[in-house]
Every structure is written in C-alpha cells, then in structure tokens.
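Working notes, structure below.
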Amino acid sequence: MIKQVGAFLATVAAVAVLTTGCYQAPVMPPVGWVYSEFTAPLDYDQETSLVGERAGRASSMSILGLVALGDCSINTAARQGGITTLHGADYEFFNVLGVYQKFTVVVRGE
Amino acid sequence: MNSLAPLRRALVRLVAVMAALLPTTGCMVLRPREIVSPLTPPPNIIAPDYESPVIPPLGFIFTKVAAPLDFEFPSPGTSTRQGSDPGLKQGESNTHFIRIPFVRFRPSVAWERISVAETARAANIQTLHYADYEILIVLGIYAEYRLRVYGE
C-alpha cells in the first residue's frame with residue numbers, strides 16, 4: 001500500500017516537474033522551474049503600448065499539471081477592467097515547482 | 001539476483017538525473033496531440049500539436065481554459081479595437097476531436113469548421129475587433145476548440 005502511494009506521488013511529481021513552463025506566448029522569458037513570477041509583453045508593438053491607462057485582468061491556472069481551469073481571454077480581461085477601447089496587452093506568469101501555475105492576461109485601454 | 005542490484009541502482013540514478021535535466025531543456029509538452037486549431041492544418045496520424053499564439057498552462061487530465069487568439073492592437077488614433085462594449089457582437093464556432101485510446105496507432109477523428117470569416121458572417125459581424133478561443137480537453141481523448149470573434 002505504501003509502495004503504491006509512493007509510486008502515485010512520484011508520478012504526480014514527475015508530471016508536475018515535466019509540465020513546468022508549459023505555456024506558449026509570443027514573448028517568453030526564461031522560466032524557472034522552481035519559482036517564476038514575471039510579466040512579459042503579449043502585444044509587443046511599441047506604438048500601442050501606452051502607460052497609465054486602465055487595465056483589466058483575467059487568469060487561468062493549472063494545478064500539478066493535471067487540471068487546468070480559468071478564462072484569461074481578452075474579452076474577460078476587458079470586461080473586468082471596464083475597457084471599451086483596447087490598446088495593448090501583457091501577460092503575467094506565476095509558477096511554483098509546476099505544482100501551481102497561473103497565467104494572467106492584462107489588457108490596457110480606455 | 002544480487003549481482004543485478006548495482007546495475008539496477010545505476011539505472012535508477014541515470015533515470016533520476018535524466019528526469020532532473022528534462023525541465024532545463026524547456027517546455028516538456030505533456031498535452032494531447034492532434035488537436036485542430038485555426039493555425040494548423042487538419043491532423044493526420046503523426047499530427048502536430050494543438051497550436052495557438054497564446055497557450056496557458058494546460059492540465060494532463062482536464063483542461064478548460066480561454067485565452068486570447070488575437071492580441072495585436074492597432075495604434076491609437078489610426079483605428080480602434082472595442083473591448084467590452086455592450087454593443088459588441090459575438091460569434092462562436094467550434095471543432096471537436098475524439099481519439100480512441102488503447103488501440104494501436106490511436107486513431108482519431110476531428111470535425112467542424114472554425115473559420116473566422118464564416119463565424120463572423122454567421123453572427124452578422126461586419127467589422128472584426130478581436131478573437132479569443134477556449135479549449136476543452138478531457139484526458140486527451142476528447143477535445144473541443146471553440147473560437148470566439150467579437151465585432152460590430
């Protein structure tokens with residue numbers, strides 16, 4: 001029984017480690033598999049990246065690389081920030097050992 | 001039997017070292033393959049991964065996430081992209097994917113169309129502003145890719 005639980009935990013840990021950093025975006029800085037917390041551009045056209053505007057956020061998360069849930073769409077982020085005219089977008093990535101990963105889309109506009 | 005013990009220990013160590021090195025090679029893709037998206041051709045037996053410009057972290061057992069499909073916004077003053085305007089129209093279309101597990105070559109089928117133009121036309125959208133998508137994956141056996149376009 002103990003062996004089976006150990007094998008299960010080892011499998012879960014292996015999946016968590018192997019799925020670390022498993023996301024895709026146009027700009028991807030190096031991802032730390034022990035801990036990561038950074039923001040990067042989603043829309044990297046500098047002309048549209050204005051500072052000091054309203055921002056809206058929407059997130060999705062993945063637990064142990066096994067279950068992923070959430071809505072980090074542009075529409076949800078814009079609604080959250082009350083933005084009616086979009087100018088640009090960034091994303092935030094947060095990871096702890098692949099056990100918990102959070103992907104947040106931040107849209108800017110008016 | 002005991003003579004094999006050192007060999008077994010060495011093998012376990014080798015596997016452990018390889019497992020420790022794998023994450024440093026970048027993203028180990030443990031997501032289901034052969035999923036249709038608007039950016040990839042239809043799947044075949046050796047199919048491409050599900051592709052999209054933005055893919056949040058996925059789950060091996062269950063995934064239901066929405067993410068941006070179009071995230072390049074025009075310069076202010078040249079034109080505008082509406083965000084959450086209540087008057088914004090929304091169009092949706094989706095594809096389905098089913099894989100038969102535990103069978104040699106893991107046969108799979110995918111159907112339906114998710115053309116941006118057709119989706120917009122069906123929703124009576126004349127001017128497109130942006131697009132999102134939602135992906136649902138259950139154990140890599142069933143997947144659904146839903147396209148959402150917004151415009152007026």
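Convention: sequence-line order gives letters A, B, ...; per-chain numbering from 1.
Considering all non-hydrogen atoms of both residues, B/Pro68 and A/Cys72 come closest at CD-O, 3.3 Å. Scanning both residues, B/Tyr130 and A/Asn75, for their nearest heavy atoms gives OH-ND2, 2.7 Å. Listed here is the closest heavy atom pair of B/Pro57 and A/Ser62: CB-CB, 3.6 Å.
If you take CG on B/Asp70 and CD1 on A/Ile74, they are separated by 7.5 Å, rounding to the nearest 0.5 Å. Interatomic distance, A/Asp71 CG to B/Glu134 CD, rounded to the nearest 0.5 Å: 7.0 Å.
Contact count against chain B (heavy-atom pairs under 4.5 Å) is highest for A/Gly70 among A/Gly56, A/Ser60, A/Gly70.
The hydrophobic cluster containing A/Leu97 also contains A/Tyr35, counting ILVMFWY residues as joined when their side-chain heavy atoms lie under 4.5 angstrom apart, directly or transitively. B/Val103 and B/Tyr142 fall into different hydrophobic clusters, where Ile, Leu, Val, Met, Phe, Trp and Tyr side chains are chained together by heavy-atom contacts under 4.5 Å. Neither A/Tyr91 nor A/Val106 shares a network with the other; the hydrophobic side chains, linked directly or stepwise wherever heavy atoms of I, L, V, M, F, W or Y lie under 4.5 Å apart, form separate groups for each. With hydrophobic clusters built from ILVMFWY side chains whose heavy atoms lie under 4.5 angstrom apart, B/Leu139 does not share a cluster with B/Ile100.
Between the side chain of A/Gln24 and the backbone N or O of B/Pro56, no donor-acceptor pair lies under 3.5 Å. Here the side chain of B/Asp132 pairs no donor or acceptor atom with the backbone of A/Ser73 at under 3.5 angstrom.
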side-chain contact (heavy atoms from CB on, under 4.5 Å) assessment of A/Val67 paired with B/Thr63: CA-CA 6 Å; A/Val67 176; B/Thr63 294; over 6 Å; no
Stepwise side-chain contact (heavy atoms from CB on, under 4.5 Å) test for A/Tyr23 and B/Val54: CA-CA 8 Å; A/Tyr23 75 95; B/Val54 178; over 6 Å; no
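Here the side chains of A/Leu66 and B/Phe62 are not in contact, with every heavy-atom distance at 4.5 Å or above. Between A/Leu42 and B/Pro53, the closest side-chain pair of non-hydrogen atoms is not below 4.5 Å.
Within a 6.0 Å radius of NZ in B/Lys89, other residues, nucleotides and ligands contribute more than 12 heavy atoms.
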